[in-house]
Every structure is written in C-alpha cells, then in structure tokens.
Amino acid sequence: MLQVAFIRQNVDFVKERLGVRNFSEIGLVDTVVSLDEQRKKLQQESETSQSSVNALSKEIGQLMAKGQKEEAEAKKQQVADLKAAIGPLSTRLAAVEEELTTALLRLPNLPAAAVPRGKTPEDNVIVKEGGPMPALPAGAQPHWDLAKKYNLIDFELGNKLTGSGFPVYIDKGAKLQRALIQYFLDFNTAAGYTEIEPPILVNEASARGTGQLPDKEGQMYYVNEDNLYLIPTAEVPVTNIYRDEIVKETQLPIRMTAYTPCFRREAGSYGKDVRGLNRLHQFDKVEIVQLVDPAKSYDVLEEMVAHVERLLLSLELPYRILRLCGGDMGFTSAMTYDFEVYSAAQEKWLEVSSVSNFESFQTNRMKIRYKDGGGKTQLVHSLNGSSLALPRIVACLLETHQTAEGISLPAALHPYFKAEKI
RNA sequence: GGAGGAAUGGCAGAGCGGUCGAUUGCGGCAGUCUUGAAAACUGUUGAAGGUAACACUUCCGGGGGUUCGAAUCCCUCUUCCUCCGCCA
C-alpha cells in the first residue's frame with residue numbers, strides 16, 4: 001500500500017508512474033487525495049471537541065472532590081452537548097477512513113524508474129541469456145513422457161487422490177524433489193539466508209500483509225471452518241514474521257529462506273499450457289526473502305538476481321533473465337526480474353523464478369519498520385524471489401539432460417541425489 | 001473437547017474509576033570518570049495521527065458497553081498458562 005503522505009505530496013508523479021503500468025483507474029489518486037483532506041478536517045473537528053470533553057471531565061472530578069455538585073452538574077451538561085456533536089462526526093470520520101483505505105488498497109505499487117513501459121509480456125526486456133542451449137537427440141521427449149518412461153511422476157494417480165494439478169512423485173521422482181529442495185536450501189543458507197520452516201496455512205492478516213488480500217482470495221485455497229488460507233508462496237508467512245515490528249538498524253539486512261509447498265487455484269487455465277508440470281495446483285518451492293535498508297534495496301535486488309542466476313547455472317540449464325514491463329508486473333512490485341528456463345521439447349520458455357523489490361509497499365501494510373541512525377522510525381524495503389520453483393526446473397532438467405542411457409544429472413546434484421543418473 | 005487463571009512499554013513487573021502514556025528494575029542510547037574497557041554515577045529512552053514547530057487526539061491483547069471520566073467495572077472474541085481427556 002502506498003503511503004498517503006507520499007501521494008499527497010507527489011500527485012502528478014504518482015499518476016505518471018501508474019501510467020507505466022497502464023493502470024486504468026488513475027482517478028483513484030484524486031479520490032485518495034480528496035478523502036485524505038476530508039479525513040483530516042473531520043479528525044481535527046472531532047479531536048478539538050474531544051479535547052474539551054477531556055478538560056471538562058477533569059474539572060468535574062475536581063469539583064466533585066470539593067463537593068461542588070451543582071457546578072459539576074452544569075459541566076456534565078456541557079459534556080453531554082459536546083458528545084452529541086462528536087457522535088455523528090466520528091461516524092463520518094470512520095466512514096471516510098474506510099473509504100480511504102479501500103481506495104488505497106486498490107492502488108498498485110509505483111514502477112521504479114528503470115521499469116520499461118509496456119502492456120504485455122512481449123514488452124518485457126531480455127536482460128541476459130545464459131546456460132548451454134541443448135542440442136537434443138532425434139526422438140527427444142517432453143518431460144511428461146520422460147516422467148512416465150522412468151516412473152518418476154504419476155499424474156493420473158494425482159487425479160484419483162485429489163484432482164488434476166496434484167501430481168504424485170514416485171521413487172526417483174520423489175527423491176529428486178527432496179534432493180533439489182535440500183540443494184536449494186543449502187545454497188541459500190551458504191549465502192547467508194536463515195532457514196525458516198513456516199506454517200503453510202495463514203490467517204487473514206498475513207494474507208493482507210503481503211498483498212494477497214483483498215481481491216485475490218480466488219487464487220488461494222481457503223479453509224472456511226478456521227478462516228485460514230493455504231499459502232500460494234512462502235513469501236506470505238515468511239515476510240509476515242516481522243509484521244508490526246520495529247527492528248534495529250543493525251539487524252538489517254534480514255535474509256530468510258524457506259521451503260514450502262505452494263497452493264494455487266489458478267482457476268480457468270486449460271490446454272497445453274497446463275500439460276505435465278507446466279502449471280499445478282500444488283508445487284514445491286524454495287523462496288528467499290529480504291528486509292533491507294531502503295537506500296540499499298536496488299543493490300540487494302541485483303544481488304538476489306545474481307544469486308538465483310548462479311543457482312541456475314549450477315543446474316546447467318539454458319535460461320534467460322527478463323526485466324518485466326509495467327503492464328506485466330505484479331500488483332505489489334516496484335521492479336521485477338523473471339527467470340525462465342528453456343523447455344527444449346516444448347520449445348518454449350518456462351518461468352521458474354520471479355525476483356522483486358516491493359520497496360515499502362508491503363512493509364507499509366505490515367508496518368515493518370526500523371530506527372535509522374537519527375532515531376527516526378521508517379519503513380524497511382522488502383524483496384523476495386524464488387530459488388527455485390521445482391516443477392518447471394524438473395521439467396527442464398529431464399528434457400535438457402536426457403540421453404539414450406537415461407537422464408544425466410548436473411554435478412551439483414550428485415551429492416544430494418547420491419547418483420549421477422536417473 | 002472440559003475446568004480454572006492470566007494478557008500492561010524491547011524484557012520483567014507495579015498500577016485505589018479522576019492529577020496515568022502509565023511507578024520501578026533490566027536492557028538500549030548519551031554523558032561523567034578512565035590510556036581504553038568494566039564498574040559506578042547522571043541524564044535519556046513506546047507508537048500512530050496532527051502541527052512550520054508547539055498544542056492536541058488515539059493506543060495498557062482485539063471488539064463492544066457502563067460512566068462526566070476506564071489500564072482499572074461489565075460483555076464478548078483471541079491468545080497464553082495450569083489441570084483433565086484425546087492424540088502424531
């Protein structure tokens with residue numbers, strides 16, 4: 001959520017930035033400013049009256065102590081009159097505040113200066129391509145066929161147990177998942193991230209904190225009985241660890257990594273895009289999250305991108321890094337890099353990581369602050385990224401490294417998989 | 001699931017319905033002393049809104065109520081502790 005004070009002072013800039021996203025409800029900015037003015041006015045009025053009430057109450061106490069009943073009664077009447085006036089004022093104030101919050105929640109984050117203009121994924125900028133492009137042998141197979149051939153994943157069994165989008169990993173398929181998770185976590189903790197195992201169900205406040213609520217409840221599985229949401233990403237519980245906290249400057253940067261299953265309803269997706277491991281309702285992911293000094297957040301963003309890139313390189317997969325254009329960025333992000341790996345058999349790029357700087361958009365909602373050198377309390381910046389989402393990595397691993405003698409795994413995985421081949 | 005008890009500032013822990021944003025201790029910060037450090041001593045130290053700066057308003061787990069006035073009384077929810085039951 002953007003800060004009202006910032007909007008108030010930078011109306012034109014805010015509108016210009018939202019334009020980079022092709023945000024259609026630019027009028028909301030003026031709405032926010034006008035509601036904020038109303039809020040201030042109403043608040044001042046009611047607080048002035050409240051101040052008089054407080055003073056009179058104090059006087060009444062003193063009069064009662066002296067036994068001056070009549071004077072006290074007269075003041076009581078004054079208080080009653082004031083309170084009668086405050087009543088409707090505070091009702092209106094509450095209504096205006098609620099409208100203001102609702103409007104604010106609908107404003108997406110402002111794209112950073114370096115974010116390219118654009119509407120669709122075609123407008124994303126390819127920053128870098130790397131990794132060896134595979135020269136696949138004749139008869140190369142897509143991952144869903146390979147998964148079947150080597151008995152790694154049973155999609156039909158998942159249909160039976162749960163429904164489509166819930167694959168069952170079996171034998172070496174299950175072992176590969178475990179090896180990847182372990183490898184990713186080790187890779188992250190070696191870089192200074194603290195490992196976290198969070199709950200995978202979160203309450204409403206947490207879902208609101210990272211921006212899943214309001215409006216995106218349809219994308220999350222919801223447990224009605226307990227009013228809890230299955231997490232769509234570890235970002236939600238992990239970032240919320242510091243919700244409503246004021247940390248010391250010396251604690252920054254806070255760096256955390258977590259493996260969790262992730263759950264996404266993704267209603268309305270059909271066809272070849274959801275074939276095999278391309279898009280699932282439940283998948284495994286290792287996430288990295290950082291809370292940092294605002295002045296350093298863009299350096300940290302680059303550092304995180306470099307970190308994820310090193311991880312991908314070690315898997316010996318063809319990849320590319322995109323800087324997302326305004327129109328393709330998530331609601332809460334100020335700048336996002338996507339990582340894609342090349343699925344040779346499908347001849348298409350698959351997103352496996354998204355690394356974003358949210359600046360103070362999430363931390364303003366969550367009230368994650370720190371005391372700077374001058375003793376001033378201010379919001380930290382939050383960032384996160386996947387390192388990595390497993391299914392598409394598995395898809396690409398199988399396809400890229402397939403040989404006539406089996407799947408030959410990259411060296412980095414040997415110690416974890418305890419074998420060089422599937 | 002059942003029965004009791006509790007929830008106060010970073011932590012610990014006071015607080016009679018009025019002068020309490022809240023005694024005190026620890027911790028933090030600054031200073032005195034010291035070559036430096038420790039100890040000791042002195043001062044300082046919650047957040048949000050608001051203001052040019054003050055003033056002022058709100059916050060003692062959340063929500064509601066009683067009262068001229070609530071951290072203090074009542075209702076309710078949540079969480080924690082103790083005991084019982086169940087249980088990976």
Side-chain angles (χ1 to χ4, degrees), chain A residues 1-9 32-101 103-105 197-209 213 223-229 237 240-252 254 261 291 360 362-380:
Chain A
M1 175 161 81
L2 299 172
Q3 294 176 267
V4 198
F6 182 84
I7 298 175
R8 195 195 295 151
Q9 288 155 21
V32 164
V33 171
S34 119
L35 284 169
D36 184 47
E37 277 167 16
Q38 288 178 52
R39 191 209 98 231
K40 272 204 213 182
K41 204 162 148 272
L42 288 167
Q43 187 175 321
Q44 275 166 10
E45 279 183 55
S46 81
E47 284 184 358
T48 306
S49 301
Q50 185 59 49
S51 175
S52 308
V53 168
N54 290 346
L56 284 167
S57 293
K58 210 166 266 188
E59 290 170 27
I60 290 169
Q62 286 160 0
L63 289 171
M64 299 288 267
K66 286 189 231 156
Q68 295 171 279
K69 281 247 170 75
E70 282 169 35
E71 289 87 338
E73 284 307 318
K75 304 244 185 219
K76 280 194 194 182
Q77 186 54 48
Q78 288 184 46
V79 170
D81 293 344
L82 280 167
K83 289 184 83 169
I86 294 174
L89 267 182
S90 50
T91 308
R92 276 168 60 203
L93 178 59
V96 167
E97 277 177 339
E98 198 186 321
E99 273 184 73
L100 177 59
T101 307
L104 275 173
L105 285 173
E197 184 180 308
I200 59 177
L201 285 158
V202 293
N203 58 28
E204 224 173 292
S206 294
R208 188 182 312 275
L213 293 180
V223 182
N224 186 54
E225 188 122 39
D226 299 291
N227 194 24
L228 296 172
Y229 295 87
N240 272 281
I241 288 174
Y242 286 92
R243 171 154 47 86
D244 294 321
E245 297 285 335
I246 300 176
V247 302
K248 292 188 190 127
E249 192 172 24
T250 52
Q251 286 177 261
L252 301 177
I254 293 168
L291 299 173
S360 60
Q362 293 183 327
T363 55
N364 186 36
R365 285 192 181 193
M366 283 183 277
K367 296 289 171 278
I368 305 180
R369 294 153 294 172
Y370 79 109
K371 269 205 203 297
D372 66 16
K376 238 185 91 187
T377 304
Q378 52 176 307
L379 297 168
V380 304

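First the proteins, then the strands, lettered A, B, ... as listed; each starts at 1. Just so it is clear, the structure is predicted and the values come from calculations on it, not from any experiment.
Here the CD atom belonging to A:Gln78 is positioned 7.5 Å from the CG atom belonging to A:Leu82, to the nearest 0.5 angstrom. Here CD1 of A:Ile246 is found 11.5 Å from CD of A:Gln251. Values are rounded to the nearest 0.5 Å. Atom OG of residue A:Ser360 and atom CE of residue A:Met366 lie 11.0 Å apart, to the nearest 0.5 angstrom. Distance CG/A:Leu89 to CD/A:Gln43: 11.5 Å, rounded to 0.5 Å. The line from CG of A:Leu42 to OG1 of A:Thr91 is 10.5 Å long, rounded to the nearest 0.5 Å. A distance of 11.0 Å separates CD in A:Glu97 from CG in A:Leu35, rounded to the nearest 0.5 Å.
Looking at every heavy atom in both residues, A:Val380 comes nearest to A:Arg369 through CG1-C, 4.0 Å. Counting all heavy atoms, side chain and backbone alike, A:Leu104 lies closest to A:Leu2 at CD2-O, 3.8 Å.
Rounding to whole angstrom units, CD of residue A:Glu73 and C1' of B:G69 are separated by 13 Å. For the pair A:Glu45 CD and B:G50 P, the interatomic distance rounds to 16 Å; values are reported in whole Å. Atom CG of A:Asp244 is separated from atom C1' of B:A47 by 11 Å (rounded to the nearest Å). Rounded to an integer number of Å, the gap from CD of A:Glu98 to P of B:G63 is 15 Å. Distance CD1 (A:Ile86) to P (B:C68): 14 Å, rounded to an integer number of Å. As rounded to whole Å, 13 Å separates atom C1' of B:U78 from atom CG of A:Asn227. Taking atom CD of residue A:Glu245 and atom P of nucleotide B:G46, one finds them 17 Å apart after rounding to whole Å. In this entry the distance linking CD1 of A:Ile246 with P of B:C29 reads 17 Å, nearest Å.
Checking B:G50, B:G69, B:U19 against the side-chain heavy atoms of A:Lys58 singles out B:U19 as nearest. Taking only side-chain atoms of A:Lys371, from C-beta outward, the nucleotide of B:A47, B:G49, B:C68 with the closest atom is B:A47. Taking only side-chain atoms of A:Thr377, from C-beta outward, the nucleotide of B:U51, B:C68, B:A48 with the closest atom is B:A48. Comparing B:A48, B:C68, B:U51 by their nearest atom to the side chain of A:Gln44 picks out B:U51.
Distance noted for atom C1' between B:A30 and B:G18: 37 Å (whole Å). For B:U57 and B:U19, the P atoms lie 13 Å apart once the distance is rounded to whole Å. Here the separation of B:A52 from B:C16, taken at their C1' atoms, is 43 Å to the nearest Å. Comparing the same atom, P, in B:C87 and in B:A6 gives a spacing of 32 Å after rounding to whole Å. Only the C1' atoms considered, B:U67 is 9 Å distant from B:G17, to the nearest whole Å. Distance noted for atom C1' between B:G61 and B:C56: 27 Å (whole Å). Rounded to whole Å, the C1' atom of B:A14 lies 13 Å from the corresponding atom of B:G9. With both ends at atom P, the span from B:U24 to B:U32 equals 25 Å, rounded to whole Å.
The residue A:Ile60 sits close to a base: some heavy atom pair falls under 4.0 Å.
Of the two residues contacting RNA chain B, namely A:Arg39 and A:Lys76, the nearest-nucleotide position lying further toward the 5' end is that of A:Arg39. With RNA chain B read from its 5' end, the first of the two nearest nucleotides for A:Leu56 and A:Lys40 is the one closest to A:Lys40.
For the 3.5 Å distance criterion, the side chains of A:Ser206 and A:Asn203 qualify, holding a donor opposite an acceptor.
Legend: residues meeting side-chain hydrogen bond (donor to acceptor under 3.5 Å, both in side chains) with A:Arg92, ordered by chain and number and at least two apart, are absent.
Base-pairing analysis of RNA chain B finds the following stems of at least three consecutive Watson-Crick or G-U pairs, with both pairing distances under 3.5 Å: B:1-7 with B:78-84, B:10-12 with B:24-26, B:27-32 with B:40-45, B:46-49 with B:56-59, B:61-65 with B:73-77.
The phosphate of B:G50 (OP1 or OP2) has a side-chain N or O of A:Arg8 nearer than 4.0 angstrom.
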Summarise how protein sits on nucleotides 55-60 of chain B as a single string, 5' to 3': B when a protein heavy atom is under 4.0 Å from the base, S for sugar-phosphate-only contact, - for no contact. -SBS--

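Of the possible donor and acceptor atoms, none in the side chain of A:Ser51 sits under 3.5 Å from a partner among the backbone N and O of A:Glu47.
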